[in-house]
Colleague: 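My questions will all concern the structure given below.
Proteins come first, then strands; the chains are lettered A, B, ... in the order of their sequence lines, and each starts at number 1.
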Amino acid sequence: MSLTAVSTTARLPDLSRVPAVDEVGVNERVARFQSRSIKTTAKAEALRMILSMIDLTTLEGQDTPGKVRQLCQKAIHLHDSIPGLPHVAAVCVYPNMVAVAREALEGHDINIASVATAFPSGMSSLEVKLDDTRMAVDAGANEIDMVISRGAFLAGEYAYVFDEIAAIKEACGDAHLKVILETGELGTLDRVRRASVLAMHAGADFIKTSTGKIQPAATMQVTLVMLQAIRDYFYETGRMVGMKPAGGISTSKLAIHYLVMLRETLGQAWMTPEWFRFGASSLANDVLMQIARQATGVYQSADYFSKD
Amino acid sequence: MVAAHERVPVAKTYKIYIGGKFPRTESGRYFALEDKKGKVIANVCRSSRKDFRNAVVAARGAQPGWAKASAYLRGQILYRVAEMLEGRKEQFVHELTIQGSTERQAQREVDASIDRLIYYAGWADKYQQVFSAVNPVSSSHFNFSVLEPTGVVTILAPNDSGLIGLISNVAATIVGGNTTVVLASEERPLSAVSFAEVLHASDVPGGVVNILTGFRSELTEQFASHMDVNAVVYCDGGRKVAKTVQEAAADNIKPAISRRGVDWLSDAGASPYLIRDTQEVKTTWHPIGT
């Protein structure tokens with residue numbers, strides 16, 4: 001596979017013209033989002049929206065078909081004792097587990113996301129990454145979460161990273177492509193902004209913060225910078241790109257802060273699972289416990305909620 | 001002529017104790033504590049149910065580690081608390097007197113509190129022998145019962161005693177590997193906050209004891225109903241309070257332990273049965289050859 005297959009409309013923009021990020025400004029803006037008071041009915045709405053945006057994730061070396069089936073069960077039956085709950089947006093697994101998930105989710109409107117491209121490090125050849133992607137798509141994944149080559153990006157080989165993303169996008173076919181920047185390895189918010197611009201121009205349908213394997217994972221700061229990049233890209237090209245913070249978002253309160261940030265940066269149009277996702281495994285239970293708390297008036301215990 | 005400058009005394013801010021930290025109540029509410037003559041002694045945090053929830057999260061987080069600590073270590077730590085309290089005796093006597101005790105009563109209560117801690121420190125590696133058993137069964141099994149901590153215990157500390165009631169209940173609860181959230185006496189809350197400082201300086205891991213101040217009327221039901229609480233201890237109130245606690249506790253069938261009418265200064269306030277109250281009995285059937 002050569003890189004000549006890249007669509008001719010995608011062009012690497014001049015990254016030196018990407019605006020610099022004002023870190024102090026970002027911190028202050030993020031602090032403001034956290035001071036919004038979201039209560040009662042607004043909170044109830046927010047909690048349900050969060051559930052519908054979750055990519056329920058298991059990405060462990062110890063994953064087994066049994067574990068993945070269990071996760072899919074959880075995705076379908078979040079907490080049946082509370083009727084009328086939305087289901088999660090997708091389950092997210094490794095490529096060799098996609099077929100298992102496909103079978104377990106048969107007949108349900110839940111997407112299957114698969115990580116690919118030598119996740120989580122991305123340290124392999126383009127051929128291997130393309131094969132990895134095709135394998136996941138052929139097995140039935142409708143969303144692909146790829147990682148960028150951080151080493152190449154940090155070395156300034158932007159064209160290489162750009163071509164790689166474009167080639168994977170091609171290999172995805174109809175599947176949506178989420179591009180993981182792994183912001184914890186990029187170091188500065190300026191680089192996060194540049195990588196976001198690069199990924200979007202290369203054809204990303206979503207940009208995603210992290211693999212969850214590196215600390216720090218998603219923070220409100222990097223997410224804000226990425227949301228701003230999405231906004232400016234939209235003004236420039238008219239194309240909407242989705243956002244997925246992943247890793248470290250485990251409480252409802254924090255997730256609600258993210259929704260506030262989304263609403264105030266990108267607006268109502270992005271407030272759907274089609275354009276915003278949370279990559280998380282333990283967030284769902286915390287949200288469910290909050291919803292149960294609102295329904296019963298009694299604080300809940302993890303003892304009464306299924307683990308996966 | 002230059003006037004002599006009188007030094008402005010530094011008054012203490014009485015805060016609550018959650019997860020090894022001393023935050024103010026998240027609600028920003030306070031109530032003024034007055035002495036008998038109606039003079040304000042201190043502004044005290046009026047904790048909200050959110051403070052309580054945060055405290056339960058801290059207690060739950062600390063519980064597995066505390067239960068895993070050896071009995072010997074838990075005893076040592078309780079002994080250390082007693083040592084620290086002994087060193088700060090004067091402060092506690094003073095606080096009890098400004099909250100209405102006479103000097104003699106206060107002295108007696110602080111002494112008894114230190115002794116009570118030593119008492120439970122001693123029980124740390126002994127209650128298990130006393131309450132565990134090898135049970136005779138008519139099958140070929142080796143059958144034995146041992147105690148395990150129930151988990152997170154909430155305590156509505158006695159209202160009429162500022163220190164000894166609180167310490168008796170807390171020590172009996174944590175010595176067995178439980179963690180706890182305590183609501184201090186509403187009328188005499190100052191000693192509880194100062195006791196938190198003693199705990200903080202005594203190697204008690206953060207989250208093992210969490211101390212809130214505030215109103216019974218507001219928090220009693222929360223203390224009993226929270227699903228992540230495994231037992232609730234209450235020490236005051238009439239039938240109405242008992243009804244509230246028991247009904248709220250019924251949701252997840254947690255034990256509601258009544259310790260009303262106990263004279264905490266007397267010997268009746270110290271007993272290994274208080275330790276057993278917040279333990280669960282695990283019985284094991286181990287097959288053996290005939």
Colleague: Measuring heavy-atom distances to chain A, does B:D251 have an atom under 4.5 Å in its side chain, in its backbone, in both, or in neither?
Modeller: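 Just its side chain gets close to chain A.
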Colleague: Check the surroundings of atom CD in A:Q34: do more than 12 heavy atoms from other residues, nucleotides or ligands lie under 6.0 Å from it?
Modeller: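 More than 12 heavy atoms, drawn from other residues, nucleotides or ligands, come within 6.0 Å of this atom.
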Colleague: What's the shortest heavy-atom distance between A:Y304 and B:M227, and which atoms?
Modeller: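 The answer is CE1-O, 3.7 Å.
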Colleague: Using non-hydrogen atoms only, which part of B:Q222 is less than 4.5 Å away from chain A: side chain, backbone, both, or neither?
Modeller: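 For B:Q222, the contact with chain A is made by the side chain alone.
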Colleague: Does B:R49 CZ have over 12 foreign heavy atoms under 6.0 Å away?
Modeller: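 12 or below, so no.
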Colleague: Check the surroundings of atom CZ in A:R32: do more than 12 heavy atoms from other residues, nucleotides or ligands lie under 6.0 Å from it?
Modeller: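 No, the 6.0 Å shell around CZ holds no more than 12 heavy atoms from other groups.
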Colleague: Count the heavy atoms of every other residue, nucleotide or ligand shown that sit under 6.0 Å from CD of A:Q294, and state whether that count exceeds 12.
Modeller: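 It does: A:Q294 CD has more than 12 such atoms within range.
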Colleague: Taking atom CZ of B:R216 as the centre, does the number of heavy atoms from other residues, nucleotides or ligands within less than 6.0 Å exceed 12?
Modeller: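 More than 12 within 6.0 Å, yes.
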Colleague: If you draw a 6.0 Å radius around NZ in A:K253, do more than 12 non-hydrogen atoms from other residues or ligands fall strictly inside?
Modeller: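 Incorrect, the count does not exceed 12.
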Colleague: What do you reckon, is CG of A:D109 surrounded by more than 12 foreign heavy atoms closer than 6.0 Å?
Modeller: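 Atom CG in A:D109 is not packed in, count stays at 12 or less.
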Colleague: To the nearest 0.5 Å, how far apart are CZ in A:R293 and NE2 in B:H226?
Modeller: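 It is 9.0 Å, given to the nearest 0.5 Å.
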Colleague: Tabulate, in ascending numerical order, the residues of residues 184-199 of chain B having at least one heavy atom closer than 4.5 Å to a heavy atom of chain A, or enter 'none'.
Modeller: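 Listed by number: none.
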Colleague: Around atom CD of B:Q279, are there more than 12 heavy atoms of other residues, nucleotides or ligands at under 6.0 Å?
Modeller: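 Yes, CD of B:Q279 has more than 12 neighbouring heavy atoms, counting only those of other groups under 6.0 Å.
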Colleague: Might you point out which heavy atoms bring B:D228 and A:A302 nearest each other, and give the distance in Å?
Modeller: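 Here B:D228 and A:A302 meet closest at OD1-N, 4.4 Å.
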